[in-house]
Protein chains: 2
Amino acid sequence: MLTDEYRYKILKELQLDPNVSQRELAKRLGISLGKVNFCLKALIEKGLIKVENFRSNTKKVGYLYFLTPKGIEVKVSLTQKFLKRKIEEYDALEKEIERLRLDVKKN
Amino acid sequence: MLTDEYRYKILKELQLDPNVSQRELAKRLGISLGKVNFCLKALIEKGLIKVENFRSNTKKVGYLYFLTPKGIEVKVSLTQKFLKRKIEEYDALEKEIERLRLDVKKN
DNA sequence: TAACATCGTTCAGCTGATGAACGCTGCCTC
DNA sequence: GAGGCAGCGTTCATCAGCTGAACGATGTTA
């Protein structure tokens with residue numbers, strides 16, 4: 001359930017904005033609240049994320065999900081992995097579009 | 001169930017090789033036999049694919065799934081759509097990796 | 001004829017995603 | 001205070017859709 005894809009996306013989003021609710025995160029990633037909750041727990045258990053209860057000026061209560069050093073490290077490697085994968089897909093598509101243009105010519 | 005992604009992939013595969021069993025197609029696309037069957041039926045019903053019973057030299061029976069003109073047309077538009085999407089993903093990843101390198105520098 | 005291979009088709013079973021509902025906490029307004 | 005409200009994480013009954021074993025049909029082989 002916690003795939004590399006969402007491991008990456010969640011780490012990326014939290015790095016950008018540690019102060020984000022699970023609901024908001026779900027909306028941004030286009031997945032359900034339940035899934036976000038599950039994935040966050042898994043990331044926490046693996047030590048990639050740390051949660052802190054946080055209240056500014058003794059006002060509103062809030063949660064902070066920030067990446068641990070290990071989390072940052074994993075995110076770097078995931079990003080490189082993703083970049084490589086996307087470049088491969090892109091190259092494949094270049095060839096595909098070339099082939100397609102031939103087909104279009106034929107028709 | 002029949003998403004653009006598999007509409008595209010199936011049309012692509014059949015254009016390359018119309019003489020392919022549903023089992024083989026499932027293996028190539030990494031999906032189940034049942035899903036291939038469902039998707040093929042949908043593509044046939046929409047007039048993108050035509051099936052022909054085919055026997056060479058009165059020997060082995062076989063099926064041919066070939067694209068109709070409409071199928072070819074749809075496949076062209078799907079490929080362009082996909083290329084555009086992948087290029088966007090690629091651009092986004094370029095920016096992402098740039099940002100990542102900054103982060104790495106910081107650590 | 002019988003055994004076998006391979007085809008498309010079916011559907012009971014399973015996996016995993018969903019989001020309404022819940023308890024909790026802090027902030028108002030009276 | 002008390003009561004209402006807003007927003008948080010958490011839970012889990014429900015559901016969508018994917019899976020592949022099993023089946024009938026057909027052609028091939030021994």
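Below, read A as the first sequence line, B as the second, and so on, with proteins coming before strands; counting in each chain starts at 1.
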Quiz item: Any chance CD of A/Glu45 has more than 12 other-residue heavy atoms, nucleotides or ligands included, within less than 6.0 Å?
Solution: no
Practice problem: Give me the residues of residues 17-39 of chain A where at least one heavy atom lies under 4.0 Å from an atom of DNA chain D, by number, or none. | Solution: A/Ser21, A/Gln22, A/Arg23, A/Leu33, A/Asn37
Practice problem: For A/Asn53 and D/dC8, give me the distance from atom CG to atom P, rounded to whole Å. | Solution: 13 Å
Exercise. Could you pull out all residues at least two apart from B/Arg23 that satisfy side-chain hydrogen bond (donor to acceptor under 3.5 Å, both in side chains)?
Key: none
Quiz item: What residue pairs, at least two apart or across chains, pass ring-ring contact (aromatic ring centres under 6.0 Å, His included) with a residue in residues 21-41 of chain B?
Solution: none
Quiz item: Looking for any heavy atom pair under 4.0 Å, which part of the strands does A/Tyr65 touch: base, sugar-phosphate only, or nothing?
Solution: sugar-phosphate
Quiz item: How close or far is atom P of C/dA17 from atom CE of B/Met1, stated in whole angstroms?
Solution: 17 Å
Exercise. Examine B/Lys50 relative to B/Tyr65 and say whether NZ or CZ is less than 6.0 Å from the centre of the six-membered ring and inside a 45° cone about the ring axis.
Key: no
Quiz item: Do A/Leu43 and A/Leu33 belong together in a cluster built from hydrophobic side chains that touch within less than 4.5 Å?
Solution: no
Quiz item: Whole-Å distance between D/dT10 C1' and A/Ile44 CD1?
Solution: 12 Å
Exercise. Report the distance from atom CG of B/Leu64 to atom P of C/dT6, rounded to the nearest whole Å.
Key: 18 Å
Practice problem: Could you state the atom-to-atom distance from CG of A/Leu2 to P of C/dT15 in whole Å? | Solution: 19 Å
Exercise. Salt-bridge test for A/Lys9 and A/Glu5: reply yes if a basic N is under 4.0 Å from a carboxylate O, no otherwise.
Key: yes
